[in-house]
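Below is one structure, written out as structure tokens; the observations come after it.
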Amino acid sequence: VLPHLWAGRWLYVGCGAGLPGMVLAIMRPDWTFTLLDSNSKKTGFVQQAVIELGLKNVTVRCARVEDLQGELFDGIISRAFTELGDFLQISQHLLANGGRWAAMKGWAEKELHAVADSCCVEAVHLLQVPGLVAARSLVVVSKREGDAA
């Protein structure tokens with residue numbers, strides 16, 4: 001997904017064991033990443049991995065995305081978190097002006113109908129994962145001009 005992402009502050013919703021969030025942080029040390037998951041066992045593991053790897057551009061948070069407040073992000077990314085429409089709705093309060101979402105999906109086309117009219121699908125990038133024979137894509141979505149959160 002990295003070639004399709006942009007510089008800035010990133011929120012990774014539903015980070016699980018931290019992949020690919022930690023890999024992105026290693027590859028882009030000048031970007032900042034907040035890895036978010038509501039499961040404390042997962043975030044505990046990710047926090048320890050961040051410490052062991054010495055990643056200075058990563059913050060780990062244990063919370064539900066709906067409850068996270070006071071921060072805005074240039075990019076909000078997820079992988080296997082929830083349906084696309086739900087992902088956009090529950091995280092929109094965290095998207096900075098001009099920010100965009102990046103949702104890793106299997107077969108994205110079946111979820112595009114759920115994107116609200118206040119949002120615009122900018123691109124659907126087909127991805128090739130080495131050693132995996134399955135549909136994978138990255139859906140990039142923005143707010144329509146003039147729409148507030």
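The shown structure was predicted, so the numbers you read here are calculated from the model rather than taken from an experiment.
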Atom [atom1] of [X] and atom [atom2] of [Y]: how far apart are they, to the nearest 0.5 Å?
| X | Y | atom1 | atom2 | result |
| --- | --- | --- | --- | --- |
| Ile77 | Leu11 | CD1 | CG | 10.0 Å |
| Gln47 | Leu35 | CD | CG | 9.0 Å |
| Lys105 | Glu83 | NZ | CD | 6.0 Å |
| Glu71 | His93 | CD | NE2 | 10.0 Å |
| Thr32 | Leu55 | OG1 | CG | 12.5 Å |
| Glu122 | Arg100 | CD | CZ | 5.0 Å |

Please tell me if the side chains of [X] and [Y] come closer than 4.5 Å, counting only heavy atoms from C-beta onward.
| X | Y | value |
| --- | --- | --- |
| Pro20 | Met104 | yes |
| Val1 | Arg79 | no |
| Asp37 | Phe45 | no |
| Ile76 | Val65 | no |
| Val46 | Val58 | no |
| Trp31 | Trp10 | yes |

According to a 4.5 Å side-chain heavy-atom criterion applied to Ile, Leu, Val, Met, Phe, Trp and Tyr, with indirect links allowed, do [X] and [Y] form part of one hydrophobic cluster?
| X | Y | result |
| --- | --- | --- |
| Leu84 | Val13 | yes |
| Leu53 | Val50 | yes |
| Val140 | Leu88 | no |
| Leu138 | Phe33 | yes |
| Phe73 | Leu36 | yes |

Exercise. In this structure, are over 12 heavy atoms from other groups packed under 6.0 Å from Asp67 atom CG?
Worked result: yes
Donor-acceptor contact below 3.5 Å, side chain [X] vs main chain [Y]:
| X | Y | result |
| --- | --- | --- |
| Ser137 | His125 | no |
| Tyr12 | Leu19 | yes |
| Arg144 | Cys119 | yes |
| Arg9 | Leu72 | yes |
| Asp74 | Trp6 | no |

For this session: Report the relative orientation of the aromatic rings in Trp101 and Phe87; use parallel for angles under 30°, tilted for 30 to 60°, perpendicular for over 60°.
Result: perpendicular
Problem set entry | Which atom of Lys42 lies closest to which atom of Gly16, heavy atoms considered | CB-O, 3.5 Å
Exercise. How close do Ala108 and Val139 get, heavy atom to heavy atom, and via which atoms?
Worked result: CB-CG2, 3.4 Å
For this session: Verify side-chain contact (heavy atoms from CB on, under 4.5 Å) between Leu127 and His4, making sure each step is shown before the conclusion.
Result: CA-CA 10 Å; Leu127 306 174; His4 307 292; 4.0 Å; yes
